[in-house]
Undergrad: 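For reference, the structure I am asking about is given below.
On a predicted model such as this, the values are computed, not experimentally measured, just so you know. Indexing begins at 1, ligand by ligand and atom by atom, following the structure's order. Each residue takes its place number in the sequence, starting with 1.
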Amino acid sequence: MDMTNDYAFDTRVVHLGMHAEEWQGATLPPIFQSSAHRHETAESLSRTFGGQQDAHIYMRLTNPTNRVLEEKLAALESGKGAVVVASGMAAISNACLALLKAGDEFVTGNSLFMSTYLLFARVFAKYGITARFVDPRNPEAVAAAINDRTRFVYIEIIGNPKMDVPDLAGLAELAHRHGLPLLVDNTMATPWLCRPIELGADIVIHSTTKYLSGHGNATGGVIIDSGAFDWAAHPDRFADFAPFVERKGPLAYRDRVWRELHINLGTTAAPFHSYLTLLGLDTLVLRMERHMANTLTVARFLASHPKVRWVNYPGLLGHPDHALAAREFGNKGFGGLLTFGLANQQECFTCIDNLRLIYHLANLGDCKSLIIHPYSSQYLSFAEETRRELAITPDLLRLSVGIEAADDIIADLDQALAKLPG
Ligand SMILES: *Cc1c(COP(=O)(O)O)cnc(C)c1O
């Protein structure tokens, strides 16, 4: 049987990319901790540089441990090729810059991870690139923001922390109608819940730091190319793709990310981190099932708690995107993150300060439950107007629900909420 097609996702996530026969029978790849690779002959190195031979040269270019993770994540996302990089932000930078030059624009959902927002709104702006922020759930707004200078449409699936879920298939169709690729940050859903390429997206990005590695011990990112977008068919926008199309055909985009950006920006992933990510991937399905079951249980508890003003989780029936998310995620669940509201910032601080089990830190997707008050931490330096656009309010707490016993997570929240006045 063919590991890429014939087995279920749950089996492939464990076995894909494992070449024990090449690793003296080892069940995970070695950590190839070598800055460069020796070649027996001058001819061999020359052929490798020339692309006629697939071998390793220097760690900033490729690394065998990173390569295993690239092949695995590309296959799990139904893509054709991938580039593993040092972090999720490195993935987003490479993925976007491979399509942009000064004077270009792109249309992006306004429900974005904090650093992604800063990269788009502040850093890219310095280089003459304009990001047009729109509500990703409003196709008319997306279409209205597209013009002759637009190079792609970008969205996050399950916005953090807005918890909104856009219509991927609809947005892919809309982008393609305008001759544009759709880029999706699938960090929050993971390929277990949603494989954007199967719904029409062209490029998928992950911060592997979160659920894919899953244990809060590795940083990484990946850019996955569907191989499906026809760059040559849109010379008006993508004439500069011609040499990459000539060299790599359907993997032109992957080649451009790797050759033009990743190598020259030096966004190299450490092979140890790729090893930890591969180790974490083995249990992705088990962890996601538990994360999601726990999150739904905790969301229902919070929704019924008198001190809690509101709960935002796509798994709750009242959530505006509940039906769409159920369909888009194959009825498997709704992710492991939720937000909830207390009366004000002071109540949020009191709640955090009284938690005993739940960690207070800036991360998500760990096995451990994690909480943060984004308004006073990650978004501290943001203008009030921007915070409003991103739905970062002083009363909001963000909870990444871990894989502990749900009763223990609830008991911890319950005793902390009991410390609130009134
Ligand atoms: C964390 C995160 C990122 C950034 O990833 P890093 O690995 O921290 O660089 C990007 N997008 C989303 C949705 C994230 O949650």
Undergrad: So how far is it from Tyr211 OH to Met288 CE, rounded to the nearest 0.5 Å?
TA: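 Spacing of OH (Tyr211) from CE (Met288) equals 5.5 Å.
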
Undergrad: Check each of Ala90, Ser207, Ala189, Ala362 against atom 5 (O) of ligand 1 and report the one with the nearest heavy atom.
TA: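 Selected option, by shortest heavy-atom distance: Ser207.
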
Undergrad: Identify the closest protein heavy atom to atom 1 (C) of ligand 1: which residue and atom is it, and at what distance?
TA: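 I find the closest protein heavy atom is Lys210 NZ, 1.3 Å.
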
Undergrad: In this structure, is the centre-to-centre distance between the rings of Phe32 and His56 below 6.0 Å?
TA: no

Undergrad: Is any NZ, NE, NH1 or NH2 atom of the basic residue among Lys419 and Asp353 found under 4.0 Å from an Asp or Glu carboxylate oxygen of the other?
TA: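 Salt bridge flag = no for Asp353 with Lys419.
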
Undergrad: Does the N or O separation between Asp185 and ligand 1 drop below 3.5 Å for any pair?
TA: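 Among all N and O atoms of Asp185, at least one is under 3.5 Å from an N or O of ligand 1.
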
Undergrad: Under a 4.0 Å threshold between the charged nitrogen and the carboxylate oxygen, would Arg254 count as salt-bridged to Glu70?
TA: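 Looking at Arg254 together with Glu70, the answer is yes, because their closest N to O distance falls below 4.0 Å.
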
Undergrad: Do the side chains of Asp164 and Arg137 get close enough for a salt bridge, i.e. N-O under 4.0 angstrom?
TA: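 Salt bridge flag = no for Arg137 with Asp164.
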
Undergrad: Atom 4 (C) of ligand 1: which protein heavy atom is closest, and how many Å away?
TA: Phe113 CE2, 3.4 Å

Undergrad: Could you note down all residue pairs passing side-chain hydrogen bond (donor to acceptor under 3.5 Å, both in side chains) where residues 388-403 supplies at least one of them, sequence neighbours left out?
TA: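 Residue pairs with at least one partner in residues 388-403: Asn160-Arg398, Trp310-Asp395, Thr393-Asp395.
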
Undergrad: Under 4.0 Å from a heavy atom of Gly220: which atoms of ligand 1 are those, numbered in the order shown and with their elements?
TA: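 Listed by number with element: 7 (O).
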
Undergrad: Please state whether the rings of Phe106 and Tyr154 are parallel, tilted or perpendicular, taking 30° and 60° as the class boundaries.
TA: perpendicular

Undergrad: Below 4.0 Å from ligand 1: does a non-hydrogen atom of Ala91 turn up there or not?
TA: no

Undergrad: May I ask whether Ile92 has any heavy atom positioned less than 4.0 angstrom from an atom of ligand 1?
TA: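 True for this residue.
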
Undergrad: Between ligand 1 and Thr116, is the shortest N or O to N or O distance under 3.5 Å?
TA: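 In this structure, Thr116 places no N or O atom under 3.5 Å from an N or O of ligand 1.
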
Undergrad: Tell me: protein heavy atom nearest atom 6 (P) of ligand 1, and distance?
TA: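 Residue, atom and distance for the closest contact: Gly88 N, 3.3 Å.
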
Undergrad: Going from CE on Met18 to CG on Leu28, what distance comes out if it is rounded to the nearest 0.5 angstrom?
TA: 5.5 Å

Undergrad: What protein heavy atom lies closest to atom 7 (O) of ligand 1? Include the residue and the distance to one decimal.
TA: Thr209 OG1, 2.6 Å

Undergrad: Tell me, which protein residue and heavy-atom name are nearest atom 9 (O) of ligand 1, and how many Å apart are they?
TA: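 It is Met89 N, 2.8 Å.
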
